[in-house]
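Written out below as structure tokens is the structure these notes cover.
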Number of protein chains: 2
Amino acid sequence: MARRASAPATDDLDARKATILEAVVSEHIDTNQPVGSSSVASSAELGVSPATVRSEMVSLEREGYLAQPHTSAGRIPTDKGYRYFVDHLSSGVLGAAQQHQVRDFFATVRGEVEDVLEQTSTLLSQMTSYTAVVVAATHAHASILSAQLVNIDARHQLLVTVFSDGSVVKHSLTPPYDVDFETCAEASRQLNALLIGTTLETLVQVPSRHDHVAHLVRDAVAALHAQQPATDGDRVFIGGSSRVADSFDGVETVRKVLSILEQELLVVTLVQDMLDRGLSVAIGTENGFEPLSTCAVVVAPVTIDGAPAGAVGLLGPTRMKYQEAMAAASAVSQHLARHFGGDEEHAHH
Amino acid sequence: MARRASAPATDDLDARKATILEAVVSEHIDTNQPVGSSSVASSAELGVSPATVRSEMVSLEREGYLAQPHTSAGRIPTDKGYRYFVDHLSSGVLGAAQQHQVRDFFATVRGEVEDVLEQTSTLLSQMTSYTAVVVAATHAHASILSAQLVNIDARHQLLVTVFSDGSVVKHSLTPPYDVDFETCAEASRQLNALLIGTTLETLVQVPSRHDHVAHLVRDAVAALHAQQPATDGDRVFIGGSSRVADSFDGVETVRKVLSILEQELLVVTLVQDMLDRGLSVAIGTENGFEPLSTCAVVVAPVTIDGAPAGAVGLLGPTRMKYQEAMAAASAVSQHLARHFGGDEEHAHH
DNA sequence: GCTAGCACTCGGTAGAATTGAGTGCCAACA
DNA sequence: TGTTGGCACTCAATTCTACCGAGTGCTAGC
């Protein structure tokens, strides 16, 4: 027997094995069925008999690229098999129809950033029939353009903060004493002076006096800076969650995946983690969430003027159409960057 | 044969028929299986033989309350059967565990209105294992407390409007000319003077001059008032959408329902429509959306200081546990009203 | 090293037989 | 007249069997 198979996971396959693996993966993606040796032999252009393919397949199985649902069935790819497949994927081109779709969308879309991103997630989902995720970077580094304290009534004030990236954040204050209009206005003035030009990471020197104005100012600054933890605003947009229903077979899987998608914090963590690790595709267990072990996630970062501004992603079954998904994600990511970035001289995001 | 059956849908049944119908409905809700005459005869306390029950059942079937999946199977309720059931339902009481859950939640919940509502939808979903919907009334009638125009850069301004119900809305302006800081500040001042105290329904007299300030003011007012159509902000919160996966049998149904839930506008329409028609439960086709014909929706309005402030709802299969669902919805609705309303002397919503 | 040939495995399907829950009807009964 | 036990009947679901065939692993020969 060939001894060289003992070299562990060199990740570089024999040209023929590579062809066979790729044939198996793409056929299985198409059909969602185990792939047999004969169909590989005829589809792939290696002039070789099924028997030869078979012996290569057992080798590929030993090395962990393929698996057999049961004896006398064809092979299906393992996560490792998919991984090899996407690593050696020629970057595909977006279909003409979809190119139009993206172009049209960005040519006609209007409205606030949040609306655009929400609709973008729907677009991406429609283009691919997978569930789409759009994540916008936090505005931790954006500077404050305006901070205003509005008197709702004597016991309720609202701090409204506008950031240089165009985002607006509000914080309720409920002081244990009555606040009159003048006090509020004065506090608002002081907050403006104090905060404008700072970022959320800047330390701010708050007044230490004991009057109501100073109290309000302190509470407002505290509320603003306390926002850090986790759920930092509506920065995640999920489109086409109904697609999970036809992406997966078992009802239980569908439930699990939906359940993950509901927790937006998890989603942003997942995407962020992938970006940090420099991954553009996470297959099966690579994504780190056990309930997502039958999923694959494709992400494309959105970069505006060289700075990371967020990411778009797609979630589907491990047997997803990677080329299409990656092409769509990267196209949308680029359009998004152009829409909010450079060519129009924005400062948005 | 009893001729009186020809009276069309008097909707008032013989006491015995009522008992039988109720037994069938509640058993079917429990088991999700057709119910046979013998199990009804033994469970319900009418000392009567299966044969008698059977003859009553054919009558109930003729009148449209029950249906037979096929000959020689038990009966399942029709929408009309469920309707009778809920119409004659003694309003149940919330389980002790759930009472605690609600109480604890509202005792500890903090943060902005939107966050609270979002979390409320999750709470309601967890209490019932159905998908929950929380709808907040629009602020069409709220008056404007503050309107501020912030200069993002020369070509981008942001109109930030604060309403008396505590909501904050932003609108981007992108004038075709450069705006300097002073112009923006002046426009902001004028907008404030113009808009404070008005509602979105108020007609506002805008300046007709042709300078940049007047232009900005006009554009800002136009943007603000244009917002009416449909998607008026993030006023819908959906919790537990993963629950649809185990509420329905067919994958296709799951997809359809999720697909509806994605379109928040449809959801708010549905809920609003039910409130308008004075319905608290919509069963099957009653809700007007064909894809939801196997669903039931329970809603409870949220009323603060006598004014409608929104609604909470639950979506499940027609064989949902109506008593529990209604009790949960109404409890949460009341807590919500108390939380934002009277007892704390808020003006929120 | 490749291939044709071959025996073998085992999931999927089709058909027949069986089961059993439940019905509809009827005749008898109070 | 309303109720009931009895009974024949229906039909989905289950089980069993046989069988097919796609696909494998192995081996002998090219």
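Just so we're on the same page: letters track the sequence lines, and every chain starts at 1. In this text, all values refer to a predicted model and were calculated from it rather than measured experimentally.
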Nearest whole Å is fine: how far is [N] [atom2] from [X] [atom1]?
X     : N      : atom1 : atom2 : answer
B:L66 : C:dG24 : CG    : P     : 11 Å
A:L46 : C:dT3  : CG    : P     : 10 Å
B:L60 : C:dT23 : CG    : P     : 12 Å
B:K17 : D:dT3  : NZ    : P     : 11 Å
A:E56 : D:dC26 : CD    : P     : 15 Å
B:Q33 : C:dA21 : CD    : P     : 12 Å
B:I20 : C:dT23 : CD1   : P     : 11 Å
A:R54 : C:dC8  : CZ    : P     : 16 Å

So does [Y] get a backbone contact from the side chain of [X], meaning a donor-acceptor N/O pair under 3.5 Å?
X      : Y      : answer
B:S125 : B:S121 : no
B:R255 : B:G250 : no
A:T131 : A:G240 : yes
B:E324 : B:T128 : no
A:R243 : A:Y130 : no

When we call it a touch if two heavy atoms are under 4.0 Å apart, what does A:S55 touch: a base, just sugar-phosphate, or nothing? nothing
Heavy atoms of A:V312 and A:A329 approach each other most closely as CG2-O, 3.4 Å
OP1 or OP2 of D:dT3 under 4.0 Å from side-chain N/O of B:R16: yes
Are OP1 or OP2 of D:dT4 and a side-chain N or O of B:T52 less than 4.0 angstrom apart? yes
Going by number, which of residues 67-79 of chain B have a non-hydrogen atom under 4.0 Å from DNA chain D? B:H70, B:T71, B:S72
Look up atom CG in A:D273 and atom CD in A:E286, then write down how far apart they are to the nearest 0.5 Å. 11.5 Å
Nearest 0.5 angstrom please: B:F289 CZ to B:L266 CG, how far? 4.5 Å
Hey, is B:D79 close enough to B:R83 for a salt bridge, meaning N to O under 4.0 Å? no
Dot-bracket encoding per residue of DNA chain C, Watson-Crick/G-U cut-off under 3.5 Å, | denoting interstrand: ||||||||||||||||||||||||||||||
Taking the side chain of B:S49 as heavy atoms from C-beta outward, which of C:dT3, D:dT4, D:dG25 is closest to it? D:dT4
